[in-house]
Asks: 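One structure is given below, represented as structure tokens, and several questions about it will come after.
Atoms within each ligand, like the ligands themselves, are counted from 1 in listed order.
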Amino acid sequence: MKVSSSSLNMLRKRFLLMMPCIIFVIRRSKAVAAPSASKTLIWGPGLETNIALPARFFIQTVDTTGRNFTTSPGEKTFEVTFTSPTDPYARIWVQILDRNDGSFLVRYRMYASYTDLHIQILLKDKLVGKSPYVLRGAVYHESCDCPEPSGALWEKNMHCPASFSQIESDLSVFPSVDPDRNAHEILQRFGKRHSLCHYTIKNNQVYIKTKIFMDAFLLSLTRKVKLPDIEFFVNLEDWPLEKRQASEKPSPIFSWCGSNDTQDIVMPTYDVTESVLETMGRVSLDMMSVQGHTGPAWEQKISKAFWRGRDSGKERLELVKLARANPDMLDATLTNFFFFKHDESLYGPLVKHVSFFDFFKYKYQINVDGTVAAYRLPYLLAGDSVVFKHDSIYYEHFYKQLQPWVHYIPFKADLSDLLGKIQWARDHDEEAKRIALAGQRFARTHLMGDSIFCYYFKLFQKYAELQVTEAKVRDCMELVEQPKDELFPCYCARKKVRDEL
Ligand SMILES: *[C@@H]1O[C@H](CO)[C@@H](O)[C@H](O)[C@H]1NC(C)=O
Ligand SMILES: *[C@@H]1O[C@H](CO)[C@@H](O)[C@H](O)[C@H]1NC(C)=O
């Protein structure tokens, strides 16, 4: 049969007219099942009495047929309210973060302690899951000084892991720790040229020589749990310090960053630690807020690698040069020159700072060292882009738990294979997406505030076990008092029990 060109055009036109309808129908049928109040899942530490801040729980939207939503059912789908039978004016700040994958993160901050806190979650006017959730007994706010006397019970309440391989590995080079010897030796070896901070925790009180940021965290931890007596040194610089090998009697020094050729004991970085303390406070980027700002869905993200930052490492300069030569694959520019000379012909002009949340408009995120490990890795993992991680001698407390090709895509220290790896991700979109989601799941389970608290507690506990002499409050150390909370004093039932005993 002969088909005239005009009827062919008609057919084409008709087909084109049909196209939007087909798309519309497919979309409709995909989202036709409505969210179900009874089937929707709710879980998380914020629904338990004995977990003080940072409190949160999760909502996974499930439809009436029992299937998980994988896209947002709408930002305002659920309504969460807190009430306390003992206080009609309970002061609780609640935030619902839409994670755009069918789940929500609900976080709250209490400004006072309450009894039998009720958490009610509504879908339209139906109660969701097992709502209302009742936190029986006293729920303490962050500034309430109310340490749990039993470390074992506290760890159980917090669901801390039994061990952290990085702690085991770091402490394995110290058969014992002698606070008396350290007090003398560490100051002599490092005290003049480096900034170190000497701490003692005794009877759950924090003593220091010079007041510096970390005491805010230690005070917070001692409000929550009774710590063992310990005496230790914290390195306040970026670089790890102890270059002696295990056989040469290294000194124990706590650092934010470890490296393949030093023996420093790593602890969570000040950045991630501070963001835990300041959650819903003055810090806007933290491990929870980032989950509510992961940008467009995977399919809508730009298939390019993205990087912004300052010139704090040679590799970063190389990365920028590589991007200038391959702008279709890699968008990497410097926001600041501080360490090197700014040669505009090589590195291009400086660009304005980009909000971290905007990074997630791109599918591929580059993590490359600065002076030491780039402390942004926890936040990059928490997004829903795939992370490309630079091989490096530097590491943070959680790197040991990360696996290449599972949680991130590795690339060589000299960047020689980076473009090839980006091309691989473009050619293997499903696999790249799977790695992105595995990295995100890792961050959601291992890098949240409670994990950070658990890590410190475990580290101090294991370290205390190695001490062969008593931790002492040395000359010129000062007691750091807990801040007074005059507006909302707390009545600590745990302390009362102890006093009565
Ligand atoms: C639905 O989501 C929950 C919470 O993330 C998860 O545990 C469960 O396995 C999911 N169910 C399916 C069928 O994927
Ligand atoms: C550092 O050590 C880790 C673990 O042993 C190794 O995977 C990595 O390749 C090392 N990096 C460098 C640059 O030496």
Asks: Among all the protein's heavy atoms, is there at least one whose distance to atom 9 (O) of ligand 1 comes out below 4.0 Å?
Replies: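 So far as the 4.0 Å threshold goes, atom 9 (O) of ligand 1 is out of reach of every protein heavy atom.
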Asks: Measure the acute angle between the ring planes of Phe82 and Phe57, then classify it against the limits of 30° and 60° as parallel, tilted or perpendicular.
Replies: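 If you compare the ring of Phe82 with that of Phe57, the planes turn out tilted.
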Asks: Looking only at side-chain N and O atoms, does Thr294 offer a donor or acceptor that is under 3.5 Å from a partner on Arg99?
Replies: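 Thr294 and Arg99 do not have a side-chain donor-acceptor pair below 3.5 Å.
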Asks: With no hydrogens and no angle check, just 3.5 Å: does a side-chain donor-acceptor pair link Asp98 and Ser72?
Replies: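 On atom types as modelled, these side chains qualify, holding a pair under 3.5 Å.
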Asks: Under 4.0 Å from atom 13 (C) of ligand 1, is there at least one protein heavy atom?
Replies: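 Protein heavy atoms within 4.0 Å of atom 13 (C) of ligand 1 - there are none.
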Asks: Does the Thr445 side chain pair with the main chain of Phe442, one donor and one acceptor, at a distance under 3.5 Å?
Replies: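 Checking the backbone N and O of Phe442 against the side chain of Thr445, a donor-acceptor pair under 3.5 Å is found.
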Asks: Please work out whether any backbone atom (N, CA, C, O) or any side-chain heavy atom from C-beta onward of Leu41 is under 4.0 Å from ligand 1, and answer side chain, backbone, both or neither.
Replies: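 For Leu41, the contact with ligand 1 is made by the side chain alone.
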Asks: Which protein heavy atom lies closest to atom 7 (O) of ligand 2, and at what distance to 0.1 Å?
Replies: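 Looking at atom 7 (O) of ligand 2, the protein heavy atom closest to it is Asp391 OD1, 4.8 Å.
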Asks: Side chain, backbone, both or neither: which part of Asn260 comes within less than 4.0 Å of ligand 2 when only heavy atoms are counted?
Replies: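 For Asn260, the contact with ligand 2 is made by the side chain alone.
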Asks: I need the atoms of ligand 2 closer than 4.0 Å to a non-hydrogen atom of Ile393, numbered in the order shown.
Replies: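 Ligand 2 atoms under the 4.0 Å threshold to Ile393: 12 (C), 13 (C), 14 (O).
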Asks: Is it true that Asp170 and Tyr463 share a donor-acceptor pair across their side chains at a distance under 3.5 Å?
Replies: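 On atom types as modelled, these side chains do not qualify, holding no pair under 3.5 Å.
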Asks: Below 4.0 Å, non-hydrogen atoms only: which portion of Ala413 touches ligand 2? Side chain, backbone, both or neither.
Replies: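 Near ligand 2, Ala413 shows nothing, with every heavy atom at 4.0 Å or more.
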Asks: Report yes or no: does His390 contribute a side-chain atom to a donor-acceptor pair with the main-chain N or O of Ala413 at less than 3.5 Å?
Replies: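 Between the backbone of Ala413 and the side chain of His390 there is a qualifying donor-acceptor contact (under 3.5 Å).
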Asks: Using a distance threshold of 4.0 Å (strictly less than), state whether atom 2 (O) of ligand 2 has a protein heavy-atom neighbour.
Replies: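 There is a protein heavy atom less than 4.0 Å from atom 2 (O) of ligand 2.
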Asks: Please could you name the atoms of ligand 1 that Trp43 approaches to less than 4.0 Å, counting only its heavy atoms?
Replies: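 So the atoms of ligand 1 that pass are 4 (C), 5 (O).
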Asks: Do Thr40 and Gln60 get their side chains close enough for a donor-acceptor pair, meaning under 3.5 Å?
Replies: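 On atom types as modelled, these side chains do not qualify, holding no pair under 3.5 Å.
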Asks: Can you list the atoms of ligand 1 that are under 4.0 Å from a heavy atom of Asn68?
Replies: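 In order of number, 1 (C), 2 (O), 3 (C), 8 (C), 10 (C), 11 (N), 12 (C), 14 (O).
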